[in-house]
S.K.: 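Encoded as structure tokens, here's the structure I'll be asking about.
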Amino acid sequence: YFIFSVGFQLSFIAVFGTVYLQPRLYQIILVPNVILDKIWSISCVSLAAQLATFPLTAYYFHQFPVYFLISNLLVIPAAFLLLSMGIAMLLSSAIILKVAEGIGMLIDKSIYFLNECLFWIQELPQSLITWIYLDRLDLILLYVVILVGLAFIHFRSFKALQIFSFLLLLLAGNSLYRNYLQHHTQKLVFYELRNHLAIDHIYGHQSQLYLDRYNEAEMNLLSYQINPNRLSSGLLPITNNLQTFKEHGFHVSREISYGVISGKKIFIFDSTTFHLDFKEKISTDFIIINKNAVKSLKWLSKNFEFERIILGYGNNRYHRSNLLQEAEQLNKAIHDIQNNGALIIDIKNERPK
């Protein structure tokens, strides 16, 4: 499974870029000055590795380091020196331990100094372009574009230039098509966030996040779990533009909360409800069960007419298993967020994902 490891992929593609591209880039400019020539050589290594790895880093990490040329002028020579000192430390440790300890201290100080320099570069204005999204087709197309571009430079072929231009148009077309689909999208996304419930209403290129409760200290958790879907949907990341269910107009009590989001009626059970008595059957779209609140789906079906059951947070494994089995017996649609991840409902076309 090493081939699926991000580190494996980046390491090998970076080596390929360095070995193949660096000599070709280096030959573009002949620098007579020795010091400037060394800077140009390191810059070519950096450019070659960055060109080879950019599609993968954008695909996995959604960002691009603007000052990579500056940082690599430090990192590449430092990596060689640190590796050399590390080998020297290992060899000397078998002969003179004090020398090895001295080299070890030097390595420690060197790494600390290097990290401080990199942190300083990181703090420069606009040091990182973030919120880049590539889907798998974009990734493949981008690498094919790079390879065809290299073929054009090497062979000076007009046909390669035509293919290169066509692939660029295809890459742009894929992005435009994805943007078109998103513009006509309307969906609800149900999340379970460590003893929290969140519902993201996405409509076109806008969204509104609703939560059962909100704590500023949990912003990082919200971002970590929700932002990836927003990024892939071409939306902005989470800001403080959040609403609790109560602020949105939900009736909220200790046992049951209910309200409407984008025309969909939602009932949320947060505490034991078997003792409740409803005079007539209630019609709703979604029922969310938290904290083992509903003991029996037969009782639920008796009192509610619903489209789908959603198992939220706080339901233990035994309880979830029982409800899933009961839902299958009663032929009721059910989704376990804790076990199967977020539930996406396309409310425009009425189909779950």
Side-chain angles (χ1 to χ4, degrees), residues 187-201 209-215 217-229 238 242-246 248 250-262 264-278 281-347 351-353:
K187 57 191 177 184
L188 293 177
V189 187
F190 297 84
Y191 296 96
E192 184 268 326
L193 306 169
R194 196 186 300 164
N195 295 328
H196 282 288
L197 174 68
I199 303 175
D200 209 7
H201 178 209
L209 185 65
Y210 304 100
L211 303 124
D212 51 359
R213 55 192 183 280
Y214 171 61
N215 188 333
E218 296 174 327
M219 193 67 182
N220 286 337
L221 175 64
L222 290 173
S223 300
Y224 178 77
Q225 294 198 240
I226 295 175
N227 274 345
N229 184 55
I238 293 174
L242 310 171
Q243 275 192 354
T244 62
F245 295 136
K246 190 171 185 178
H248 180 62
F250 269 56
H251 171 82
V252 177
S253 68
R254 186 177 66 86
E255 296 164 328
I256 299 177
S257 302
Y258 57 88
V260 178
I261 297 177
S262 188
K264 295 296 181 180
K265 298 176 184 176
I266 300 170
F267 269 73
I268 304 168
F269 293 87
D270 286 316
S271 184
T272 303
T273 52
F274 65 86
H275 61 283
L276 298 177
D277 184 26
F278 299 93
K281 206 167 189 178
I282 299 171
S283 178
T284 186
D285 293 293
F286 305 116
I287 290 179
I288 302 172
I289 302 173
N290 299 323
K291 298 186 288 188
N292 304 323
V294 175
K295 303 300 181 185
S296 168
L297 295 191
K298 290 181 180 178
W299 173 88
L300 195 66
S301 300
K302 176 185 174 184
N303 292 284
F304 288 87
E305 187 72 37
F306 53 86
E307 178 184 324
R308 183 176 293 270
I309 301 165
I310 301 169
L311 301 182
Y313 68 86
N315 299 299
N316 62 49
R317 184 181 298 179
Y318 174 78
H319 187 70
R320 294 203 314 269
S321 178
N322 284 345
L323 291 182
L324 289 168
Q325 288 180 10
E326 197 174 358
E328 186 176 359
Q329 293 169 0
L330 297 173
N331 196 27
K332 299 293 184 182
I334 190 168
H335 182 89
D336 181 2
I337 299 179
Q338 285 181 281
N339 193 48
N340 298 319
L343 173 66
I344 302 176
I345 300 289
D346 188 334
I347 55 178
R351 62 176 187 272
K353 298 181 181 179

S.K.: Please identify each residue that fulfils side chain to side chain contact (heavy atoms under 4.5 Å, CB included) with His248, with sequence neighbours left out.
M.R.: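 His248: side chain to side chain contact (heavy atoms under 4.5 Å, CB included) contacts with Tyr210, Gln243, Phe250, Ile261.
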S.K.: Quick one: does Phe286's side chain get under 4.5 Å of Leu188's, heavy atoms only?
M.R.: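 Of all side-chain heavy-atom pairs linking Leu188 with Phe286, at least one is under 4.5 Å.
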S.K.: What residues, two or more places apart in sequence or in another chain, satisfy ring pair (Phe, Tyr, Trp, His ring centres under 6.0 Å) together with His196?
M.R.: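 Applying ring pair (Phe, Tyr, Trp, His ring centres under 6.0 Å) to His196 gives none.
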S.K.: Do you know which two heavy atoms are closest between Ser271 and Ala293, and how far apart they sit?
M.R.: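 Smallest interatomic distance, heavy atoms only, reads O-CB, 3.2 Å.
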S.K.: Nearest 0.5 Å, what's the CD1-CD1 distance between Ile310 and Ile199?
M.R.: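 Output value for this atom pair is 7.0 Å.
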S.K.: How far does CG of Leu211 sit from CG of Asp200, to the nearest 0.5 angstrom?
M.R.: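 That separation rounds to 9.0 Å.
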S.K.: Under a 4.5 Å cut-off applied to non-hydrogen side-chain atoms, are Leu324 and Asn339 in contact?
M.R.: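 The answer is no; the side chains never approach within 4.5 Å.
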S.K.: So, do Tyr214 and Met219 sit near enough that their side-chain heavy atoms are less than 4.5 Å apart?
M.R.: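 Contact flag for Tyr214/Met219 side chains = yes.
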S.K.: With His319, which residues qualify under side chain to side chain donor-acceptor pair (under 3.5 Å), at least two apart?
M.R.: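 Expected list: none.
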S.K.: Tell me, do Leu300 and Lys332 make a side-chain contact under 4.5 Å, heavy atoms counted?
M.R.: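 Contact flag for Leu300/Lys332 side chains = no.
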S.K.: For residues Ser262 and Ile347, report the shortest heavy-atom separation together with the two atoms involved.
M.R.: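 Looks like OG-CD1, 3.3 Å.
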S.K.: Tell me, please, which residues at least two apart from Glu326 pass side chain to side chain contact (heavy atoms under 4.5 Å, CB included).
M.R.: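 In terms of side chain to side chain contact (heavy atoms under 4.5 Å, CB included), with neighbours along the sequence ignored, Glu326 is linked to Ser296, Leu297, Lys298, Leu323, Leu330.
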S.K.: Under a 4.5 Å cut-off applied to non-hydrogen side-chain atoms, are Asn195 and Arg213 in contact?
M.R.: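 Side-chain contact under 4.5 Å: yes.
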S.K.: Under the side chain to side chain donor-acceptor pair (under 3.5 Å) test, which residues partner Asn315, sequence neighbours left out?
M.R.: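 Checked Asn315 against side chain to side chain donor-acceptor pair (under 3.5 Å); zero matches.
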S.K.: Looking only at heavy atoms, what is the nearest atom pair of Asp212 and Thr244, with distance?
M.R.: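 Distance-wise, the nearest heavy atoms are O-CB, 4.3 Å.
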S.K.: Quick one: ring pair (Phe, Tyr, Trp, His ring centres under 6.0 Å) partners of Phe306, sequence neighbours excluded?
M.R.: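 Once residues adjacent in sequence are excluded, Phe306 has no partner under the ring pair (Phe, Tyr, Trp, His ring centres under 6.0 Å) criterion.
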S.K.: To the nearest 0.5 angstrom, please state how far the NE2 atom of His251 sits from the OH atom of Tyr258.
M.R.: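 His251 atom NE2 to Tyr258 atom OH measures 4.0 Å (nearest 0.5 Å).
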S.K.: Rounded to the nearest 0.5 Å, how far apart are CD1 of Ile288 and CD1 of Ile256?
M.R.: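 Atom-to-atom, Ile288:CD1 and Ile256:CD1 are 13.0 Å apart.
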S.K.: Identify, with sequence neighbours excluded, every residue that meets side chain to side chain donor-acceptor pair (under 3.5 Å) alongside Asn290.
M.R.: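 Testing Asn290 for side chain to side chain donor-acceptor pair (under 3.5 Å), a comparison that skips the adjacent residues, returns Asp270.
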S.K.: Test of understanding: with salt bridge (charged side-chain N to carboxylate O under 4.0 Å, His left out), list the residues that count as partners of Glu305, not counting sequence neighbours.
M.R.: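 By the salt bridge (charged side-chain N to carboxylate O under 4.0 Å, His left out) rule, Glu305 matches Lys281.
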S.K.: Decide yes or no on side chain to side chain contact (heavy atoms under 4.5 Å, CB included) for Phe267 and Ile282, but give the supporting numbers first.
M.R.: CA-CA 10 Å; Phe267 269 73; Ile282 299 171; 3.8 Å; yes
S.K.: Are Glu255 and Phe269 packed together at the side-chain level, in the sense that at least one heavy-atom pair is separated by less than 4.5 angstrom?
M.R.: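 Side chain of Glu255 against side chain of Phe269, heavy atoms only: no contact under 4.5 Å found.
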S.K.: Between atom CD1 of Ile238 and atom CG of Leu209, what is the distance when rounded to the nearest 0.5 Å?
M.R.: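 CG of Leu209 is found 5.5 Å from CD1 of Ile238.
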S.K.: Applying side chain to side chain contact (heavy atoms under 4.5 Å, CB included), name anything that partners Asp285, two or more places apart in sequence or on another chain.
M.R.: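 So Asp285 forms a side chain to side chain contact (heavy atoms under 4.5 Å, CB included) with Lys264, Lys265, Glu307.
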S.K.: With side chains defined as the heavy atoms from C-beta onward, is the minimum distance between Val294 and Ile309 less than 4.5 Å?
M.R.: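 When only atoms from C-beta onward are counted, Ile309 and Val294 do not touch, as no gap falls below 4.5 Å.
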S.K.: Looking only at heavy atoms, what is the nearest atom pair of Ile334 and Ala327, with distance?
M.R.: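 Closest approach of Ile334 to Ala327, heavy atoms only: CG2-CB, 3.6 Å.
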S.K.: For residues 309-321, pull every pair meeting salt bridge (charged side-chain N to carboxylate O under 4.0 Å, His left out), keeping only residues two or more places apart or in separate chains.
M.R.: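 Salt bridge (charged side-chain N to carboxylate O under 4.0 Å, His left out) check on residues 309-321 returns Arg320-Asp336.
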S.K.: Side chain to side chain contact (heavy atoms under 4.5 Å, CB included) between Phe245 and Ile268: does it pass, once the steps are laid out?
M.R.: CA-CA 10 Å; Phe245 295 136; Ile268 304 168; 3.7 Å; yes
S.K.: Among all residues two or more places apart in sequence or in another chain, which pass the side chain to side chain contact (heavy atoms under 4.5 Å, CB included) test with Asn331?
M.R.: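 If we apply the side chain to side chain contact (heavy atoms under 4.5 Å, CB included) test to Asn331, skipping adjacent residues, there are no hits.
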S.K.: Test of understanding: with side chain to side chain donor-acceptor pair (under 3.5 Å), list the residues that count as partners of Asn227, not counting sequence neighbours.
M.R.: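 Not a single residue meets the side chain to side chain donor-acceptor pair (under 3.5 Å) criterion with Asn227.
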S.K.: If I compare all heavy atoms of Val189 with all of Ala342, which pair ends up nearest, and what's the gap?
M.R.: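 Nearest heavy atoms, Val189 then Ala342: CG1-CB, 4.1 Å.
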S.K.: Could you tell me if the side chain of Tyr191 sits less than 4.5 Å from the side chain of Leu222, heavy atoms only?
M.R.: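 They are not in contact (no side-chain heavy atoms under 4.5 Å apart), so the answer is no.
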